[in-house]
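Please read the structure below before turning to the comments.
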Amino acid sequence: MTLIIVLTGLYQGWSNKIGEYIRSVPADIWVMQLGSENMFHTPSTLSLSEQADIEKVNGVAGIKPFSARRLAAESAGKAMDLYVVAYDQANDSGKPKSVIGGNSLPGPGEIIIDASQSKKVKIGDKIVAAGRQFKITGFSEGGDLVTSSFAFVAKNELDKIQELPGQTNYFLVSVKPGFSTDKVVNNIKSEVKDVDAVISQKFADNNTKIVKDNFLPVIFILVLIGVAVGIAVIGLTIFTSTIEKSREYGVLKAIGLKNRQLYNIVIAQALLAGVIGFGIGAGLAFVLGKVVGSYVPQFISQIRFFDVMWILALTLAMSILAAIIPIRRLAHIDPAEVFKS
Amino acid sequence: MSVIEAKRLIKIFGFGRTAVKAIDGVSLDIDPGDIILIMGPSGSGKTTLLSIIGSLMRPTEGTVLLAGENIAKMSDNQLASLRLRKFGFIFQSFNLLSALTAQENAAIPLMTAGMPKREALKQAKEQLAKLHLGDRLDNLPKDLSGGEKQRVAAARALANQPELILADEPTANLDAKTGAEVMRLLCNAACAENRAVVIVSHDVRLKEVAKRVITIEDGRLTKEEKGNHDANCPVEHKYAH
């Protein structure tokens with residue numbers, strides 16, 4: 001149970017974390033280079049000249065460029081993988097989701113990094129990325145990418161690193177009131193050449209899909225293993241108990257209990273064993289999530305009520321399955337055996 | 001009218017050359033108020049006969065009629081219902097459920113028959129009080145003496161007012177005084193409550209309590225004689241000498 005809950009919590013935690021910042025960006029539609037699906041594996045580069053074409057599309061209320069780039073960084077010998085976003089003060093684009101310490105916006109030579117890196121660095125530390133040195137002036141939250149994190153610098157700082165004049169990575173589009181977002185997406189795709197557009201939620205999903213695609217099959221296999229182990233443990237426990245108590249079951253048969261009534265006893269025992277195991281497992285999973293998470297930042301466990309409920313349902317199903325073999329044993333107990341002393 | 005009419009019972013265990021005839025043509029009528037003692041050497045078929053009469057085992061051949069109905073032909077569920085309503089069992093090794101208290105053990109047949117738990121426990125308490133176990137209600141079997149365990153077993157056997165009580169070596173694990181207590185109980189069930197009692201035992205002292213004494217050898221009923229039963233059931237005096 002612990003294994004299943006922890007894995008499900010990790011999956012949920014990672015999925016939510018990776019999409020958290022993208023979901024917080026104020027945009028109805030993300031416009032990107034054709035063929036670019038997500039920020040991490042298929043980056044996008046667009047000409048700023050396309051901004052005017054997109055602005056003309058029916059239903060577009062506003063548009064802002066959004067630049068970001070993945071960079072290897074280092075601070076006092078500690079390596080970090082950062083996804084550096086350009087804060088564009090003029091366009092009010094590329095702000096952190098929220099700042100929990102230090103300055104809220106980066107100035108020249110400054111960087112705000114995600115609080116998930118706070119075990120490695122502190123405010124005031126120097127950090128080197130792409131040969132440029134930055135001073136950490138703030139900690140933001142909501143930008144944890146598990147294996148990396150979002151960081152924020154002034155737009156001209158990222159421009160100097162990227163050296164792509166007249167280019168940006170994405171456009172953030174807002175839709176006029178009364179227009180369907182899907183319709184505007186289609187309008188952009190049909191009216192502007194070589195760009196792709198997706199609604200904001202879909203873009204966030206495209207980024208979390210990386211986790212789902214890589215993590216879900218592993219979770220599925222491990223959950224199957226967990227279920228098999230659970231059935232074996234509950235089954236063995238109940239089977240052993242049934243064998244130990246087979247004489248008492250024989251007595252109950254002799255007294256007049258029907259097989260169905262005895263099966264109910266065994267199923268109740270199996271369900272009780274399952275629920276107790278589930279309770280202990282869930283408790284352990286919560287404790288593990290808190291304790292391990294405080295030492296290992298990548299251990300982001302989000303245990304949802306819905307997940308707890310389906311795992312409980314799975315436990316109950318496992319318990320009933322586990323009762324089958326003991327029940328078969330019970331069916332063959334001869335009540336006349338009770339006369340043997 | 002007889003409680004049980006067993007006719008030409010045959011029970012064969014195994015097949016072919018390894019087949020063993022445990023019961024060989026036994027017929028027996030059991031009437032209300034009877035106290036029948038079945039005796040015989042070990043392996044003679046006493047317990048097998050008791051199991052067949054008590055519907056715990058089906059005969060290979062023959063009939064066991066209860067109120068004119070052949071119980072040998074009933075389904076497992078029908079037999080279970082029958083045992084619950086009509087029969088009470090007392091075993092040599094008591095066979096109480098180890099995790100339940102004396103009161104709960106005595107209440108099992110009542111609850112199985114559908115009585116609400118509270119009422120069943122109340123009736124079990126009253127029954128145990130009659131058997132001088134009123135202060136042992138909450139004790140687990142491991143905390144009871146042999147005699148107390150057998151009295152709890154008797155309370156369980158009598159719970160559903162059975163027509164027939166089947167006892168297998170009920171005094172074998174008891175000292176003379178406690179054995180007498182248990183026999184007085186069985187005697188009283190037959191004489192005062194008109195229940196039939198069938199006892200399988202090696203204990204010859206039980207002849208003093210029995211109304212009929214049946215001897216079985218090699219699965220055959222070889223002798224039936226009158227017991228020395230006294231209608232007033234003065235068991236202790238007779239049993240203890």
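Small disclaimer: the values here were computed from a predicted structure and weren't measured. Here is the naming used below: chain letters follow the sequence lines, and residue numbers restart at 1 for every chain.
Heavy atoms closer than 4.5 Å to chain A are found in the backbone of L96(B), but not in its side chain. Of the two parts of R156(B), only the side chain, counted from C-beta on, holds a non-hydrogen atom closer than 4.5 Å to a non-hydrogen atom of chain A. Heavy-atom distances place both the backbone and the side chain of E248(A) under 4.5 Å from chain B. Of the atoms belonging to S98(B), heavy atoms from both backbone and side chain fall under 4.5 Å from chain A.
Among K117(B), Q123(B), K122(B), Q127(B), the single residue meeting the side-chain contact (heavy atoms from CB on, under 4.5 Å) criterion with L110(B) is Q123(B).
Between R220(B) and D218(B), none of the side-chain N atoms (NZ, or NE/NH1/NH2) sits under 4.0 Å from a carboxylate O, so this pair counts as no salt bridge. Ionic pairing of D76(B) and R58(B) is present here: one or more N-O contacts between side-chain nitrogen and carboxylate oxygen are shorter than 4.0 angstrom.
F87(B) and F89(B) have perpendicular rings, their planes meeting at more than 60° on a 0 to 90° scale where under 30° would count as parallel.
The candidate from L97(B), L79(B), L82(B) with the greatest count of non-hydrogen atom pairs under 4.5 Å with chain A is L97(B).
Within 6.0 Å of CD in E119(B) there are more than 12 heavy atoms belonging to other residues, nucleotides or ligands.
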